[in-house]
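In what follows, a structure is listed as structure tokens, so that the remarks can point back to it.
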Amino acid sequence: MAMEDNKREAQQIEQFTDVDPLRETYRESITDVPALQKSLERHNTALLCIDLQYLDAARGHGVFADAERSGVPIAAQEYYFDRLEHVVLPNVRRLQDAFRDNRLEVIHTRIQSLTQNGRDRGPGHKRLGLHAAPGSKEAEFIELVAPCGDEIVINKTASGVFNSTNIEYILRNLGITGLVVVGVYSNECVSTAIRDACDLGFYVTLVEDACATVTPELQQATITTMKDRYARVMTTHEIIDEIREVVTDE
């Protein structure tokens, strides 16, 4: 009986591997609605850059200060940093420039505690040993994609920026209704922000070539899970083209 049940389950899994029966429902209701482009047209869409800092996005620093003891296999580190340095960071900068040139908000999050010893950190970050103290190298942004002028920086000590900060209050005050999300790690802080933002009613776009995590499998799993459920998934080129076509001069 158990063998028959397993066989039946395997057949069912194979049958639905490439089928998402709710895809069109979600697309029509959440990720492909006229209000999404209206948000951009009216300057109510912001670029949200997540955790592009020395703690987790720089060779030889923070999480990767000791490559052998980081918990991430060397091959995975090479994949991650190759993608970051040659694809993600340049694309994030292109997006930042496009948003800035069109007077659209660019908002940055980073992992940084309120205290030097990190006693205010969330339980998860304490267990993981994640800590970036105020003024530390780990808390610094990667120079290529660092904030400019008076762009808003939101500090957090948990994976979810919406759960652990006042970002929703800030976005509502700014009149932001849409978010274009980039950063690291795709399957952790990025996807958590996307899910929470969608649940709170924001129109969300994930830029697939402007986010990264430590394996291609995790990267693809994130894209598959987010797409047409919680966010549009687009490329840097597509977003920049959309800004050129949609954003109107004020």
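Start at 1 with the first residue, then count along the sequence.
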Do Gln112 and Glu138 have side-chain N/O donor and acceptor atoms under 3.5 Å apart? no

Flag, side chain of Asn91 to backbone of Val87, donor-acceptor distance under 3.5 Å: yes

Are Val204 and Leu36 linked, directly or through intermediate hydrophobic residues, by side-chain heavy-atom contacts shorter than 4.5 Å (ILVMFWY only)? no

side-chain hydrogen bond (donor to acceptor under 3.5 Å, both in side chains) for Asp120 and Thr115? Distances and angles first, verdict last. CA-CA 7 Å; Asp120 59 290; Thr115 58; 2.6 Å; yes

Mind listing the closest non-hydrogen atom pair of Gln53 and Ala132 along with its distance? NE2-CB, 4.1 Å

State, with a plain yes or no, whether a side-chain heavy atom of Arg172 is found less than 4.5 Å away from one of Leu200. yes

Pairwise ring pair (Phe, Tyr, Trp, His ring centres under 6.0 Å) hits with a residue in residues 50-69, at least two apart: Tyr54-His61, Phe64-Tyr80, Phe64-Phe81

Any chance you could measure Leu206, atom CG, to Asp209, atom CG, to the nearest 0.5 Å? 9.5 Å

Step-by-step side-chain contact (heavy atoms from CB on, under 4.5 Å) determination, Val181 to Phe202: CA-CA 12 Å; Val181 183; Phe202 294 95; over 6 Å; no

With heavy-atom distances below 4.5 Å as the criterion, would you say the side chains of Met234 and Val207 are in contact? no

For a side-chain contact (heavy atoms from CB on, under 4.5 Å) check, start with the C-alpha distance between His108 and Ile154, then their side-chain angles and the critical distance, and finish with the verdict. CA-CA 6 Å; His108 308 259; Ile154 298 173; over 6 Å; no

Any luck finding a side-chain donor-acceptor pair between Glu188 and Thr192 under 3.5 Å? no

Hey, quick one: are Leu144 and Val184 part of the same hydrophobic cluster, counting side-chain heavy atoms closer than 4.5 Å, chains of contacts allowed? yes

Are the side chains of Glu140 and Arg110 in touch, meaning some heavy atoms are under 4.5 Å apart? no

Do you know the tightest heavy-atom contact between Ser136 and Ala133? OG-O, 2.6 Å

Test salt bridge (Lys or Arg N to Asp or Glu O under 4.0 Å) on Asp97 and Arg93; report intermediate values, then the result. CA-CA 6 Å; Asp97 290 344; Arg93 180 54 186 268; 3.0 Å; yes

Among Pro123, Ser164, Ser113, find the one that has a side chain to side chain contact (heavy atoms under 4.5 Å, CB included) with Thr157. Ser113

How about Leu84 and Ile142: do any of their side-chain heavy atoms sit closer than 4.5 Å? no

Is a salt bridge present between Glu85 and Arg59, judged by a nitrogen-to-oxygen distance below 4.0 Å? yes

Looking at CG of Leu55 and NE2 of His131, how far apart are the two atoms once the value is rounded to the nearest 0.5 Å? 9.5 Å

Could you go through Thr45 and Ile176, starting from their C-alpha distance and side-chain angles, then the distance that decides it, and tell me whether this counts as side-chain contact (heavy atoms from CB on, under 4.5 Å)? CA-CA 6 Å; Thr45 293; Ile176 297 299; 6.0 Å; no

Is there a donor-acceptor contact under 3.5 Å linking the side chains of Thr109 and Asp51? yes

Checking the side chain of Ser39 only, and the main-chain atoms of Ala35 only, is there a donor and an acceptor separated by less than 3.5 Å? no

Measure across Phe162 and Asp196 and return the closest heavy-atom pair with its distance rounded to 0.1 Å. CB-CB, 3.8 Å

Check whether any side-chain N or O of Asn102 sits under 3.5 Å from a backbone N or O of Ala98 as a donor-acceptor pair, and report yes or no. yes

Consider only side-chain heavy atoms of I, L, V, M, F, W and Y, link residues closer than 4.5 Å, and tell whether Phe141 and Val106 are in one cluster. no

Any chance you could lay out the side-chain hydrogen bond (donor to acceptor under 3.5 Å, both in side chains) test for Thr224 and Gln220, step after step, and finish with the verdict? CA-CA 6 Å; Thr224 301; Gln220 185 55 53; 3.2 Å; yes

Without swapping roles, check the side chain of Arg121 against the backbone of Gly129 for a donor-acceptor pair under 3.5 Å. no

Got Leu47 and Ile107 here, is their nearest side-chain heavy-atom distance under 4.5 Å? no

Donor-acceptor check, side chain of Thr165 to backbone of Ile167, threshold 3.5 angstrom: yes or no? yes

Is a donor on one side and an acceptor on the other found under 3.5 Å between the side chain of Gln219 and the backbone of Val214? no

Taking atom NE2 of His237 and atom OG1 of Thr235, what is their separation to the nearest 0.5 Å? 6.5 Å

Hey, what do you get for OH (Tyr203) to CD (Gln37), rounding to the nearest 0.5 Å? 12.5 Å

SB check Arg232 Glu238 (cutoff 4.0 Å): no

Using 0.5 Å steps for rounding, measure from the CG atom of Leu130 to the NE2 atom of His125. 5.0 Å

Under the side-chain hydrogen bond (donor to acceptor under 3.5 Å, both in side chains) rule, collect the residues that match up with Gln96, sequence neighbours excluded. none

Looking only at side-chain N and O atoms, does Thr213 offer a donor or acceptor that is under 3.5 Å from a partner on Ser186? no

Would you check, one step at a time, whether the test side-chain contact (heavy atoms from CB on, under 4.5 Å) holds for Lys156 with Ile111? CA-CA 5 Å; Lys156 65 188 180 77; Ile111 296 169; 4.1 Å; yes

Would Val180 end up clustered with Val92 when hydrophobic side chains under 4.5 Å apart are linked, directly or stepwise? yes

Less than 4.0 Å between a side-chain N and a carboxylate O, is that true for Glu208 and Lys227? no

In this structure, would Leu95 and Val88 fall into the same cluster of hydrophobic residues linked by side-chain contacts under 4.5 Å? yes

Within the 3.5 Å criterion, strictly below it, is a donor on Asn117 or Arg119 matched to an acceptor on the partner's side chain? yes

Rounded to the nearest 0.5 Å, how far does CG of Asp241 lie from OG1 of Thr236? 11.0 Å

What I'd like to find out is whether the side chain of Thr205 reaches to under 4.5 Å of the side chain of Leu179, using heavy atoms alone. no

